[in-house]
Amino acid sequence: MDFIIDATVKAVKHLYQTTITPAEVSLQETRKEFEGQVTIVTFPFTKFSRKSPEQTGTEIGEYLKNELTEVSGFNVIKGFLNISISNAYWLEQLYKVITAADFAVFKPNGKKVMVEYSSPNTNKPLHLGHVRNNLLGYSVAQILSAAGYEVIKTNLVNDRGIHICKSMLAWQKFGNGETPESTGEKGDHLVGKYYVVFDKEYKKQIEELKAAGQTEEEAKKNAPLIKEAQEMLLQWEAGNDAVIDLWQTMNGWVYEGFAKTYEKMGVAFDKYYYESNTYLLGKDIVDEGLAGGVFFKKADGSVWIDLTADGLDEKLVLRADGTSVYITQDMGTAQLKYDEFKMDESIYVVGNEQDYHFKVLFLILQKLGKTWARGLFHLSYGMVDLPSGKMKSREGTVVDADDLIAEMESTARKVTEELGKINDFSEEEKVKLYHTIGMGALKYFLLKVDPKKRLLFDPNESVDFQGHTGPFIQYTHARIKSVLSRATITNLNAEPRELAAGERDLIVVLTQFPEVINQAAIAFNPGAVANYIYEVAKAYNKFYHEHSILQAEDELIKQFRLQLSAASARVISKGMNLLGIEVPERM
RNA sequence: GCACUUGUAGCUCAAUUGGAUAGAGCACCUGACUACGGAUCAGGAGGUUAGGGGUUCGACUCCCUUCAAGUGCACCA
C-alpha cells in the first residue's frame with residue numbers, strides 16, 4: 001500500500017503546499033462497517049489545509065481518485081478517508097504476489113541471531129513452564145528465520161550445582177540401584193523422583209534437629225544430608241572419579257528423557273552449552289573490568305560494579321575467595337558465544353523472574369565496551385499459573401510436560417473418534433494425527449498469548465478444540481485440501497468480472513502475511529502470527545460458506561476460487577509452521 | 001519498604017503502537033444449504049478498558065496518583 005502513501009504525500013503538497021514525510025501518513029485497515037479497504041487518518045492534515053476534517057478528506061480523496069487508477073472510490077467520515085481499491089488491483093495481488101513462489105519469503109538480510117531457550121536443570125523433568133519457554137523459543141527462531149535472519153538455536157543446560165548433587169545423593173542412599181531400564185521409568189522422571197526424596201528426607205532431619213533444640217536456621221545448616229550434598233559438590237569440583245561417574249550416569253538418564261520430550265514438542269537445537277563447561281568462565285572479564293576501571297575491589301578482595309548512577313544497585317561480580325557467582329558465569333558465556341558465532345543479535349528466552357539479572361548483565365557488558373552487547377535481548381515471559389496459584393514441585397502441583405502431552409493426544413483421539421471422519425486411517429496414521437492435533441491445540445493455546453503476560457492454565461478444563469484454537473485452523477486447512485483434491489487447477493490467471501466482498505476480503509487478509517511476519521520478528525512475538533492465521537481461517541470459512549467452489553457459476557469463477565483456496569491453504573500452513581504447528585491433510 | 005511487570009465482557013485473549021461506535025473465542029440464547037468436510041457459518045445478549053486526575057482534534061495506549069495481583073531486591077543458579 002506504499003503507493004497510496006506516496007500519492008497522499010503528493011496530494012498534500014499539491015493541495016496545501018506542505019511537504020510531509022511518508023511516515024506522517026497514517027494508513028490503516030478500514031473497519032468492517034465502512035466501505036473501503038484502506039483508510040487514511042486526515043486529522044493531522046487539517047493544520048495545513050485550514051479546513052474541516054471532512055473537507056480535507058474529500059479533497060485528498062478526489063485527488064487520489066483522479067491520480068490513481070487503482071482507487072475506485074472513497075467516502076469520508078469525520079477525519080477518516082476510506083478508500084476503495086479496484087478489483088483489478090486485488091486480482092493482481094492474488095496472481096502476481098500471493099500465488100508467487102516467493103510470497104512471504106524474505107531474502108537473507110545478512111544478519112545472524114542466536115536464540116537461547118529451554119535451558120533446563122538436569123535434576124527434574126520438564127513441566128508446563130518449560131513448555132511455554134520451549135514453544136516460545138522455537139517459534140521465535142522460526143519467525144526470525146522466515147524474516148531473513150540466519151538463526152542459531154542454543155540450549156544452555158544447567159547440569160551442575162548443589163541441586164544436581166541432591167538428586168545424586170538421594171539416589172545413592174535410597175535408590176537401591178534403580179535405573180530407567182530396571183523400572184521402565186523415563187530417565188528424567190526417575191532422577192526427579194530422587195530430587196523429591198532428598199527434600200523429604202532433608203525436612204525430616206530438620207524436624208529432628210529442631211526437636212533437639214536447634215533453631216530452624218541452625219537445623220537447615222546442620223542437617224547431615226545437606227552437609228553431604230555440599231561435600232559431594234566439592235568432590236565434583238575436585239574431579240572425584242566416583243562422583244563424576246555417578247553424575248555422568250544420572251545426567252545421561254536425564255538427557256535421554258529430555259530428548260524424547262523435545263522430540264514430542266517438536267523443538268531442536270543447533271548448539272548445546274553445558275554449565276559444567278562454562279561455570280568457571282568470566283574471570284578474565286573481571287580482570288578486564290578492573291583494568292578498565294569499570295569494576296572496583298573492596299577491602300576483603302571481592303569485586304563489584306557500582307550501578308547506582310543507572311538507578312540500580314552495587315553488584316558483586318567476584319567473591320573475595322576469587323570464585324564466580326552467577327553473573328560472572330553469564331558474562332563469560334556471553335563472550336564465549338559471541339567469539340564463536342559473531343552474531344548480530346542474541347535473544348535469551350528466560351522467565352520474567354530474571355528481569356533484573358538480565359538488565360544488570362547487559363548493562364555491565366555495555367559498560368565494559370562490548371559493542372555486541374547492544375544486540376542482547378531478554379525475551380521475558382510471564383509465569384504459567386494454575387487456578388490454585390503457582391506451580392510448586394514440592395506440593396505436587398506441577399503440570400508435567402509428558403503427562404500434559406499425553407492428555408492432549410488422548411483428548412484429540414476422543415474428539416476425532418466421535419466425529420468418525422478418518423475411520424479408514426491405519427492405527428499408525430491415527431496416532432500421528434492425534435499427536436498433530438493435540439500439540440496443535442496446546443501450542444496454539446500457549447503461543448497466542450502475548451509472551452510478557454502471565455498465563456492461566458486450568459488442567460481440569462481441557463484445552464478447547466473449537467473457536468479460536470489450533471484445531472479450528474487445522475480443520476480449515478484440511479477442509480481446503482479436501483476441496484482441492486476434487487478438482488484440478490487448469491487456469492492460473494482466471495479473472496472473474498465481479499469480485500464478491502467475501503472473496504476480496506480474503507485476498508486483502510492474505511496480502512498482509514509478509515508484514516505480519518515482519519512485525520512478529522521485530523517484536524519477538526509469535527502471538528501476532530497466531531492471531532493473524534486465525535483471521536485468515538475465519539475469512540476463508542466465511543468465503544467458503546458464501547460461495548460454492550466446485551459448483552461455481554462458471555468455469556472461470558471456479559478456477560479463481562480454487563486458486564484463492566490453494567493460496568489460503570499455503571498461508572495457513574506456512575503461518576502455522578512459524579508456530580511449530582503442523583497442519584494435516586485430513587482430520 | 002524499594003524496583004519491574006500486569007490489570008480490558010462471567011471466563012480465556014485481541015485492539016494495526018495515539019485514531020472511528022473497544023473486537024474475537026468459550027459459556028448462554030436464536031437461526032443455517034439433504035452438503036465442496038457442521039471441529040463450520042449467520043445473529044442476539046454481555047464493557048465506567050481497576051479507580052481518579054492530566055496532556056490533545058482524539059487516550060485501552062502517553063504522564064501523575066491511588067488500589068489490586070505477580071515477580072525481584074543473595075558472596076543461590
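Just so it is clear: chains get the letters A, B, ... in the order the sequence lines come, proteins before strands, and each one is counted from 1. Here the structure is a predicted model, which is why all the values come from computation and not from measurement.
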Task: Ring-on-base stacking B:A20 with A:Phe34 (under 5.5 Å, under 30°) - done: yes
Task: Parallel, tilted or perpendicular, as decided by the 30° and 60° cut-offs, for the rings of A:Phe80 and A:Phe43 - done: perpendicular
Task: Complementary nucleotide for B:A15 - Watson-Crick or wobble, under 3.5 Å - done: none
TODO: Sticking with atom C1', work out how far B:G58 lies from B:G18, rounded to a whole angstrom.
DONE: 8 Å
Open item on the list: Mind checking if A:Gln466 touches a base, just sugar-phosphate, or nothing, with heavy atoms under 4.0 Å?
Closed with: sugar-phosphate
Open item on the list: Over all strands shown, is A:Lys421 touching base, sugar-phosphate only, or nothing at heavy-atom distances under 4.0 angstrom?
Closed with: base
- [ ] Using a cut-off of strictly less than 4.0 Å, decide whether A:Lys78 has a side-chain nitrogen or oxygen near OP1 or OP2 of B:U21.
- [x] yes
Open item on the list: For the base of B:A24 and the side-chain ring of A:Tyr534, does the geometry meet a stacking cutoff of under 5.5 Å between centres and under 30° between planes?
Closed with: no
Open item on the list: Just the rounded figure in Å: distance from C1' of B:C4 to OH of A:Tyr356.
Closed with: 11 Å
TODO: With side chain to side chain contact (heavy atoms under 4.5 Å, CB included) as the test, would you mind laying out the steps for A:Val350 and A:Ser119 before giving the verdict?
DONE: CA-CA 9 Å; A:Val350 179; A:Ser119 306; 5.9 Å; no
- [ ] Please indicate yes or no: is the ring centre of A:Phe43 less than 5.5 Å from the centre of the six-membered base ring of B:G19, with the two planes inclined by under 30 degrees?
- [x] yes
Task: ring pair (Phe, Tyr, Trp, His ring centres under 6.0 Å) partner of A:Phe377, the single match among A:Phe524, A:Phe358, A:Phe362 - done: A:Phe524
TODO: Measure the acute angle between the ring planes of A:Phe445 and A:Phe457, then classify it against the limits of 30° and 60° as parallel, tilted or perpendicular.
DONE: perpendicular
- [ ] Check every atom of B:G37, B:A20, B:C4 against the side chain of A:Thr30 and return the nucleotide holding the closest atom.
- [x] B:A20
Task: Whole-Å gap separating C1' (B:G23) and CD (A:Glu29) - done: 12 Å
- [ ] Using ring-ring contact (aromatic ring centres under 6.0 Å, His included) as the criterion, list what pairs up with A:Phe472, not counting sequence neighbours.
- [x] A:Tyr534
TODO: Determine the contact category for A:Glu353: base if any of its heavy atoms lies under 4.0 Å from a base atom, sugar-phosphate if only primed atoms, P, OP1 or OP2 are that close, otherwise nothing.
DONE: sugar-phosphate
TODO: Identify, between A:Leu455 and A:Ala537, the residue whose nearest nucleotide on RNA chain B lies closer to the 5' end.
DONE: A:Leu455
Open item on the list: What's A:His477 touching, base or sugar-phosphate or nothing? Going by heavy atoms closer than 4.0 Å.
Closed with: nothing
Open item on the list: If you only use heavy atoms from C-beta on, which nucleotide in B:A39, B:C75, B:C36 is closest to the side chain of A:Val325?
Closed with: B:C75
Task: Nearest to side-chain heavy atoms of A:Arg586, which nucleotide of B:U12, B:G37, B:G19 - done: B:G37
Task: Test: A:Lys221 and A:Glu217 ion pair at under 4.0 Å - done: no
- [ ] Any chance you could list the contact pattern along nucleotides 28-34 of chain B? Use B for base contacts, S for sugar-phosphate-only contacts and - for none, protein heavy atoms under 4.0 Å, 5' to 3'.
- [x] -------
Task: Complementary nucleotide for B:A69 - Watson-Crick or wobble, under 3.5 Å - done: B:U5
Open item on the list: Once ring-ring contact (aromatic ring centres under 6.0 Å, His included) is applied, do any residues pair with A:Tyr272, and if so which ones, sequence neighbours excluded?
Closed with: A:Phe269
